[in-house]
Amino acid sequence: MEINEANEPKESLNFIEEIVEEDIRNGKHGGRVHTRFPPEPNGYLHIGHAKAIVVSFGIAQKYGGITNLRFDDTNPVTEDTEYVDAIKRDIHWLGYDWDDREYYASDYFPKLYEFAVDLVKKGLAYVDDSSPEEIARMKGNPSQPGEESPFRLRSIEENLDLLERMRNGEFEEGSRVLRARVDMTSPNMHMRDPIIYRIKFAHHHRTGDQWCIYPMYDFAHGQSDSIEEITHSLCSLEFRHHRPLYDWFIEKLEIFPSRQIEFARMNVAFMITSKRKLLQLVKEGYVTGWDDPRMPTLTGMRRRGYPPAAIRMFADKAGVARRDNIIEYELLESCVREELNRTSARVMAVLNPLKVVLTNYPEGQVEQMDVENNPEDDSMGTRQMPFSKELYIERDDFMENPPPKYFRLAPGGEVRLKAGYIIRCDEVVKDQAGEIVELRCAYYPNSRSGSDTSGIKVKGTIHWVSAPHALEAEVRLYDRLFTDPTPDQHEGQDFKEFVNPESLKVLEKAYVEPALAEAKPMDQFQFLRMGYFSVDPDSTSAKMIFNRAVTLKDAWAKVQQKG
RNA sequence: AGACCCAUGGUGUAAUGGUAGCACUCCGGUUUUUGGUACCGUCAGUCUAGGUUCGAAUCCUUGUGGGUCUACCA
């Protein structure tokens, strides 16, 4: 990293930022930066879209520009208003806004039709009566040039007439298309007289039955960019081959010269983003819906408890470049932890309860213990937790025959109850099956947290809840949906074979501290030593439900694994 | 196999002809009333072969590997 005059590290730019900064230096478009995010309203937004959103909105934000939201709704057969609202909600949730610039490619249908007429008049487009099969055959293949359609040399007048009659609904669906006259010998398949209008007698979610011809992507997207005077149109690598056509239309139509810039889309290990495959997971019941916390959808990640700031950070850290990539799942988790560590209140919850009776604690006594809400942030204050004779601790925090370096409770051993007392395990009570059902312990009255004069040194501190005060809750432990980093990249194997059977574990009867009675849906907490959890939207005061977003890092688990 | 794009530690991304850096992961340590956090440290990289140059991750050529393109989808 270079050092500038201010002796501060020089920020490194990604290749898009470099292009934008150069454009600004050159005064291109008056130094204006205007991007767009163009979802098709035919599905839910996922982690891949999140990356595109962060890049497009982020670039504009960084350079004082603005971003349009534009629904790319040129295919009435697959699109629906249902998705429009979900998409808008998800983008807002991610933290971005487009003010009143909510546009639809379908709003431009009249203008797009004018463009088509213009092209015909310039002799640059023609109506082709060939069948889909014939068109495909004449297109050739990447290593062989195509051949020209017999309809390619129709007169301008005839083309104008035919186009108008197409629009008027005089021809059957599939019987004719409008094609741009470019170059049938181009090595770029997209330049071989691409279809720009097709006939579809379909009801459009916005324009209704006004139109029976609809523009193709290549004749809608770039033109919409141009109409909106988008300066930098950012898209994924797969559109690289469309760019010559994008530029061709701009040149021939003599319209605003938006510039398309492609970057590599983000792939995340253990996640899939194919709309079709995601739909399968929903339809076939592998998940409970599009907002299942295991889904890579924005709505799923929201329910999972991933903060929008964490997703933005993740997209940011993944970077922008032009090579294929698979980002490790651990980076996402790291971002989620970083954000939640800063923002979430600590509470105690015992997921797998084991009863502890303090034999020397006065019957019926209850003490209120002060506990900090977030050691990272004093401004979050403290709360009180009731302490009594009967408690629950985590089953994993006791071992009858502990290995070396086990810092928790064991027979005859001592441990501190966080913000409470130090206790000593005197007796292990088992049922007939030999399972441990209760621990009988002694507490040291002079070891109270904050005024400890016992002088006892313990290695471990564990969380707990007071049995008579604890609230029962259901806790859903989520893990990655797949067991393989690239479940849909295995030839001959269906991606569903890699669905993780342990992606969800439901704990029906966990205990949480009473302060959680006031928690509202989507509130987020760190369950001390266990992970980050949020209140599920379906949670009620009668039945609280918590979803685990991510565990805390667990150094002990690693020690154990190594044996 | 036609054209186009890409190639830097395990992963991702910088270095724009001049000391290969950062983040995540991994491993080790310090602090800790969360085996968390914070902090410190270790390991580890320029795909191959040529060329240009005083000097190449960077420019050129070649090979190799990966990706994209042949929907009336976007």
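In this text, all values refer to a predicted model and were calculated from it rather than measured experimentally.
- Between A/Lys275 and B/A74 there is no side-chain N or O to OP1 or OP2 distance below 4.0 Å.
- Among the protein residues, A/Thr78 comes within range of no part of the nucleic acid, since none of its heavy atoms lies under 4.0 Å from any strand.
- Here the closest heavy-atom approach between residue A/Ser344 and residue A/Asn374 is recorded as O-ND2, 3.4 Å.
- A heavy-atom distance below 4.5 Å is found between the side chains of A/Phe15 and A/Arg322.
- Position along RNA chain B of the nearest nucleotide to A/Tyr532 versus A/Asn325 favours A/Asn325 as the more 5'-ward residue.
- Among the protein residues, A/Lys459 comes within range of no part of the nucleic acid, since none of its heavy atoms lies under 4.0 Å from any strand.
- Set against B/A14, B/G35, B/A74, the side chain of A/Trp556 has B/G35 as its closest nucleotide.
- Across all strands shown, A/Leu528 has heavy atoms under 4.0 Å from base atoms, whether or not it also approaches the sugar-phosphate.
- Residue contacts shown for A/Glu40 are limited to sugar-phosphate atoms, with no base heavy atom under 4.0 Å away.
- Counting any heavy atom pair closer than 4.0 Å across all strands shown, A/Ser130 reaches a base atom.
- A/Ile326 comes within 4.0 angstrom of the backbone, heavy atoms only, and of no base.
- Among the atoms of the strands shown, only primed sugar atoms or phosphate atoms (P, OP1, OP2) are found under 4.0 Å from some heavy atom of A/Lys553.
- Checking A/Gly140 against A/Ser143, the closest nucleotide of RNA chain B that is more toward the 5' end is the one next to A/Ser143.
- The side chain of A/Ala136 lies closest to B/A71 when the candidates are B/A14, B/A71, B/G35.
- Listed nucleotides: B/G35, B/C27, B/U8. Nearest to the side chain of A/Lys558: B/C27.
- Picking from B/A74, B/C24, B/G36 the nucleotide with the shortest atom distance to the side chain of A/Glu330 gives B/C24.
- At the heavy-atom level, A/Glu328 lies under 4.0 Å from base atoms of the strands shown.
- For the pair A/Asp396 and A/Tyr406, the tightest heavy-atom approach, listed with the atom from each and the gap, is O-OH, 2.7 Å.
- A 4.5 Å side-chain heavy-atom check between A/Ile53 and A/Leu45 finds at least one atom pair inside the cut-off.
- Distances were taken from every side-chain heavy atom of A/His241 (C-beta onward) to each of B/A3, B/U34, B/G35; the shortest belongs to B/A3.
- Across all strands shown, A/Ser449 has heavy atoms under 4.0 Å from base atoms, whether or not it also approaches the sugar-phosphate.
- A donor-acceptor contact under 3.5 Å links the side chain of A/Arg346 to the base of B/U34.
- The side chain of A/Met189 sits closest to B/C69 out of B/U13, B/U33, B/C69.
- Evaluation of the side chain to side chain contact (heavy atoms under 4.5 Å, CB included) rule for A/His490 yields A/Asp484, A/Thr486, A/Gln493, A/Phe498 as partners, not counting sequence neighbours.
- Among the atoms of the strands shown, base atoms are found under 4.0 Å from some heavy atom of A/Pro375.
- Side-chain atoms of A/Arg342 stay outside donor-acceptor range of the base of B/U37, with no qualifying N/O pair under 3.5 Å.
- The side chain of A/Glu238 approaches B/U68 more closely than any other nucleotide in the set B/U68, B/A3, B/G36.
- If you run ring pair (Phe, Tyr, Trp, His ring centres under 6.0 Å) between A/Phe546 and each of A/Phe527, A/Tyr532, A/Tyr511, only A/Phe527 comes through.
- Each of A/Trp464, A/Phe387, A/Tyr444 was evaluated against A/Tyr421; a single residue qualifies, A/Phe387, per the ring pair (Phe, Tyr, Trp, His ring centres under 6.0 Å) test.
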(request) Quick one: the dot-bracket string of RNA chain B, using Watson-Crick and G-U wobble pairs with both distances under 3.5 Å, [ ] for crossing pairs and | for bases paired to another strand. (result) .((((((..((((....[..))))..((((.......)))).....(.(((..]....))).))))))).....
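- For B/A74, one of the phosphate oxygens OP1 or OP2 lies less than 4.0 angstrom from a side-chain nitrogen or oxygen of A/Thr74.
- B/A15 and B/U53 have their P atoms separated by 27 Å, with the value rounded to a whole Å.
- Between A/Gly420 and A/Met369, the shortest heavy-atom distance links the atoms CA-CE, 3.6 Å.
- Taking every side-chain heavy atom of A/Arg323 into account, B/C6 is the closest of B/C6, B/A74, B/U33.
- By the 30° and 60° cut-offs, the orientation of the rings of A/His242 relative to A/His190 is tilted.
- The base of B/G35 sits with one of its N or O atoms less than 3.5 Å from a complementary donor or acceptor on the side chain of A/Arg408.
- Listed pair A/Arg198 / B/A74 meets the phosphate criterion, a side-chain N or O lying under 4.0 Å from OP1 or OP2.
- In this structure, A/Ala269 reaches neither bases nor backbone, as no heavy-atom distance under 4.0 Å exists between it and the strands shown.
- A distance of about 50 Å separates the P atoms of B/A38 and B/G51, rounded to the whole Å.
- Using a 4.0 Å cut-off, some side-chain N or O of A/Lys200 falls inside it from OP1 or OP2 of B/C73.
- Rounded to whole Å, the P atom of B/C24 lies 24 Å from the corresponding atom of B/A7.
- The base of B/U34 lies outside donor-acceptor range of the side chain of A/Arg529, with no N or O pair under 3.5 Å.
- The residue A/Arg322 sits close only to the backbone: its heavy atoms come under 4.0 Å of sugar-phosphate atoms, none of a base.
- With sequence neighbours left out, A/Tyr83 forms a ring-ring contact (aromatic ring centres under 6.0 Å, His included) with A/Tyr44.
- Base engagement by A/His242 is indicated by at least one non-hydrogen atom pair under 4.0 Å involving a base atom.
- Within the nucleic acid shown, A/Tyr406 comes within 4.0 Å of at least one base atom, counting heavy atoms only.
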